[in-house]
Amino acid sequence: MSRRRRDIEVDMLIVGSEGAGSRAAIEGGKLGLKTLVATKGVFTKCGATLTADMDCDVPSKDAKEVFGLDGDVRDTVENFAADMFEEGKYMNNEEVVLAHCSNAAKYFQELVEWGMKITGFTQSPGHRYPRGIVSSGRSMMNALKRGVSGYEIDFAEHTMVTDLLTWEDRVVGAVGVDVRSGEFLVIRAKVVVLATGGAMRVYPITTAPEELTGDGIVMAYEAGAELVDMEFPLFLPACLYWPESMSGVDFPYIFSSGGVGGWWLNRFGERFMKKWDPVRMEMGTTRDVASIAQHAEILAGRGGPHGGIWVSLKHQPAEIIDYSAATMEWWKGLRYGNFDLVEFGMDPREVAYEAGPAAHYWNGGVKVNGRGETTVPGLYAAGEVQGGTMGANRLSGNAITECLVFGALAGKTAAEEARKISMSEVNREQVDRFYERIYGPLNQKEGVDPYEMRRRIQETAFANVGPIRNEDGLKRCLEDLRKIQADLLPFLATKTNEKIYNREWVTALENRPLLRVLEIVTRASLLRRESRGAMYRQDYPETDNKAWLKNVIVRNRKGDMELTTRDVVTRMISLPRREKTEYSVPDWEFEKKV
Amino acid sequence: MAKKSVIQVQVYRSPGGEVEDIDKGGKYCEYEVEYKDRMTVMNVCDYIHEIMDRSLAYYKSCRIGKCTGCVMEVDGKNRLACTTLAKGGMKIGPARGYPVIRDLVVDL
């Protein structure tokens with residue numbers, strides 16, 4: 001079947017429209033560039049930013065001096081950075097962290113000018129000072145919408161960018177499809193900014209929206225960009241496993257870490273956190289440790305019928321729950337988000353919830369410097385798609401800061417570059433090759449079901465590459481992926497070849513990045529023979545600072561996946577001196593616990 | 001084996017073909033869907049799309065009531081598909097007040 005083709009020419013192409021993408025677009029607008037934002041969803045109705053609850057971190061000193069909040073003047077950029085390093089287990093990139101911390105207040109101040117509402121101020125686990133400005137993803141996106149409206153910026157919604165165009169090792173545009181019409185898009189651009197978020201959809205249970213399938217990470221990889229810290233997907237503990245319609249909803253975690261304090265129980269009714277983090281327990285522990293603790297209970301067969309552990313508020317009198325739900329905005333009237341908990345049979349006074357770790361955030365990603373440049377000329381990355389900010393574990397409240405700050409910084413760097421250079425040629429042979437691959441599943445009459453392939457990827461990810469991993473499982477996953485790559489991927493065929501808004505086709509197109517991302521995570525996890533941050537190796541349970549104060553860098557070398565390690569370099573942070581430490585919590589002894 | 005419980009729902013379908021034809025002759029079609037515990041309108045769409053008819057178009061992003069992109073007309077009222085419980089006899093159409101892109105997807 002032949003499809004219509006549309007050629008577009010812009011100065012700056014931004015892939016992804018939310019926190020990072022729309023903020024980057026403003027920089028193109030400021031310089032009067034022809035700026036196009038392409039998004040799989042609808043602007044202000046997609047992406048991860050909107051799902052944030054949210055605290056956004058700034059140095060506590062700035063919280064006080066810039067925003068008039070109850071911040072602590074002793075907390076400087078350097079202190080904030082030091083906490084990020086400590087909780088990131090020293091994997092973070094110093095230049096990126098400093099850019100993150102020193103620009104946070106400035107860009108949030110701009111959002112407040114555009115109408116973002118601040119509703120509180122908080123101190124989340126892992127932060128030595130209160131740094132969390134409380135607002136909501138919705139309020140932030142409303143502000144960004146206002147910011148964007150001041151400039152001429154085009155939005156291409158329902159548009160999936162699938163591949164980057166290259167010319168002499170430089171990124172010169174992209175191809176994709178307009179899902180509304182089924183048209184093939186060839187977009188020539190002087191610079192491309194990736195703001196596509198993470199790849200959490202590689203896992204079946206996740207807090208992330210549908211479209212976070214690692215498209216940007218894999219596009220960058222295929223264009224030759226270095227990826228970093230890909231072995232550290234972050235899981236959020238205590239997210240719902242049941243009912244299916246609420247899979248991945250995070251409110252049991254929210255009230256466990258704040259709120260009125262949930263208990264995490266195994267099938268024997270034990271509060272198992274006393275084995276893992278006995279002082280901080282459920283309310284004070286960090287998310288990496290908590291996810292591993294919950295996963296360990298589940299793997300040891302101490303979970304429930306739907307594969308989770310239990311989260312319960314039933315130790316609290318109904319009066320306390322009622323008072324909390326009457327006074328706390330985030331679950332006012334026992335509603336969370338738009339869910340009516342009572343209507344859904346989830347009244348916390350009546351039932352305990354089956355819950356567990358859900359894929360939440362992508363710590364690693366496309367390697368950038370403090371200006372948002374990737375290792376490939378013409379290509380920039382901002383927000384969750386970038387790697388280096390968080391290292392092995394992200395502090396609560398830092399994701400929104402990252403997407404905002406690097407949206408602005410990468411946008412600015414890219415826009416300045418676009419102003420200096422001229423439009424490149426396009427490799428027609430490359431365009432034709434992408435076209436064939438994109439339209440392959442539609443043209444193939446019979447073959448592999450895209451949803452079946454998606455299930456196979458997610459099943460092996462969940463079974464073998466969760467918070468707790470070991471060599472056997474990781475090798476099993478690689479073998480599964482090899483089979484999927486050989487037996488399923490080339491034979492994808494959609495059952496419908498409807499042109500307009502074909503969901504099945506989009507699913508088929510997303511399977512390719514998901515498969516590649518999972519292979520990268522698995523290979524990087526195999527290489528790192530230790531446990532650190534969000535990654536726990538059952539067969540190497542200690543954090544090994546002698547051998548592993550190193551980042552794993554993944555790169556595509558002419559079609560071969562190359563993994564190398566690079567020493568962590570820091571000028572301001574003193575690295576841990578102990579050669580080997582127990583994993584994360586002081587009394588860690590894995591064998592006794594499982 | 002226990003008999004599976006099913007519900008009947010009506011879902012709006014656009015005619016197939018080109019963009020220009022989308023307003024001509026759309027109609028509500030009846031589907032029999034396997035009912036699952038605390039199923040939502042979004043789950044009904046997923047079931048029809050994955051099991052019965054892959055051409056059903058609908059918008060899905062956060063699926064937790066935050067992005068608001070899945071707004072549909074459910075029994076005469078605009079509601080979010082992801083946080084609305086499904087019931088037998090339900091009538092599901094494109095959100096009222098917006099141009100239809102196809103089926104349940106509207107231009108928000």
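Throughout, protein chains are lettered first and strands after them, A, B, ... in sequence-line order, and every chain is numbered starting at 1. No experiment lies behind these values; they were computed from the predicted model shown.
More than 12 heavy atoms of other shown residues, nucleotides or ligands fall within 6.0 angstrom of atom OH in B:Tyr28. Around the CD atom of B:Glu30, the shell of radius 6.0 Å holds more than 12 heavy atoms that belong to other residues, nucleotides or ligands. Environment of NZ in A:Lys332: crowded, with over 12 heavy atoms of neighbouring residues, nucleotides or ligands closer than 6.0 Å.
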Would B:Arg102 and A:Arg180 count as a side chain to side chain contact (heavy atoms under 4.5 Å, CB included) here? Give the steps.
CA-CA 8 Å; B:Arg102 199 165 74 78; A:Arg180 290 172 61 140; over 6 Å; no
I'd like to know whether A:Lys45 forms a side chain to side chain contact (heavy atoms under 4.5 Å, CB included) with B:Ser61, so could you lay out the CA-CA distance, the side-chain angles of the two residues, the decisive distance to 0.1 Å, and finally the verdict.
CA-CA 8 Å; A:Lys45 293 187 171 51; B:Ser61 177; over 6 Å; no
Chi angles and distances behind the side chain to side chain contact (heavy atoms under 4.5 Å, CB included) call for A:Glu504, B:Glu50
CA-CA 9 Å; A:Glu504 190 188 15; B:Glu50 284 182 38; over 6 Å; no
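Classification of B:Arg38 and A:Glu343 as a salt-bridged pair fails, no side-chain N sitting under 4.0 Å from a carboxylate O.
Each of A:Thr507, A:Thr494, A:Thr496 was checked for a side chain to side chain contact (heavy atoms under 4.5 Å, CB included) with B:Arg54, and the lone residue meeting it is A:Thr496.
Contacts of A:Arg335 with chain B are absent, with no heavy-atom separation under 4.5 Å from either backbone or side chain. For B:Asp37, the parts sitting under 4.5 Å from any heavy atom of chain A are the backbone and the side chain alike. The parts of B:Lys60 that come within reach of chain A are both its backbone and its side chain, each placing non-hydrogen atoms under 4.5 angstrom from that chain. When heavy atoms are compared at a cutoff of 4.5 Å, B:Cys82 approaches chain A solely by way of its backbone atoms N, CA, C and O. Of the atoms belonging to B:Asp53, not a single heavy atom falls under 4.5 Å from chain A.
Counting heavy-atom pairs under 4.5 Å between each of A:Met246, A:Arg503, A:Glu244 and chain B puts A:Arg503 at the top. The most heavy-atom pairs under 4.5 Å with chain B, out of A:Asn502, A:Asp449, A:Val249, come from A:Asp449. Chain B forms the most heavy-atom pairs under 4.5 Å with one residue out of A:Ala208, A:Ala48, A:Gly248, and that residue is A:Ala208. Taking chain B as the reference chain and counting heavy-atom pairs below 4.5 Å, the highest number among A:Tyr336, A:Tyr501, A:Phe43, A:Trp242 is found for A:Tyr501. Among the candidates A:Gly41, A:Gly47, A:Gly137, A:Pro243, the residue making the largest number of heavy-atom pairs closer than 4.5 Å to chain B is A:Pro243.
Counting all heavy atoms, side chain and backbone alike, B:Tyr59 lies closest to A:Val42 at OH-N, 3.0 Å.
Not a single donor-acceptor pair under 3.5 Å links the side chain of B:Lys66 to the backbone N or O of A:Leu50. In terms of modelled atom types and a separation under 3.5 Å, the side chain of A:Arg138 and the main chain of B:Cys67 share a donor-acceptor contact.
In this structure, CD1 in A:Ile500 is found 8.0 Å from OG in B:Ser14, a value given to the nearest 0.5 Å.
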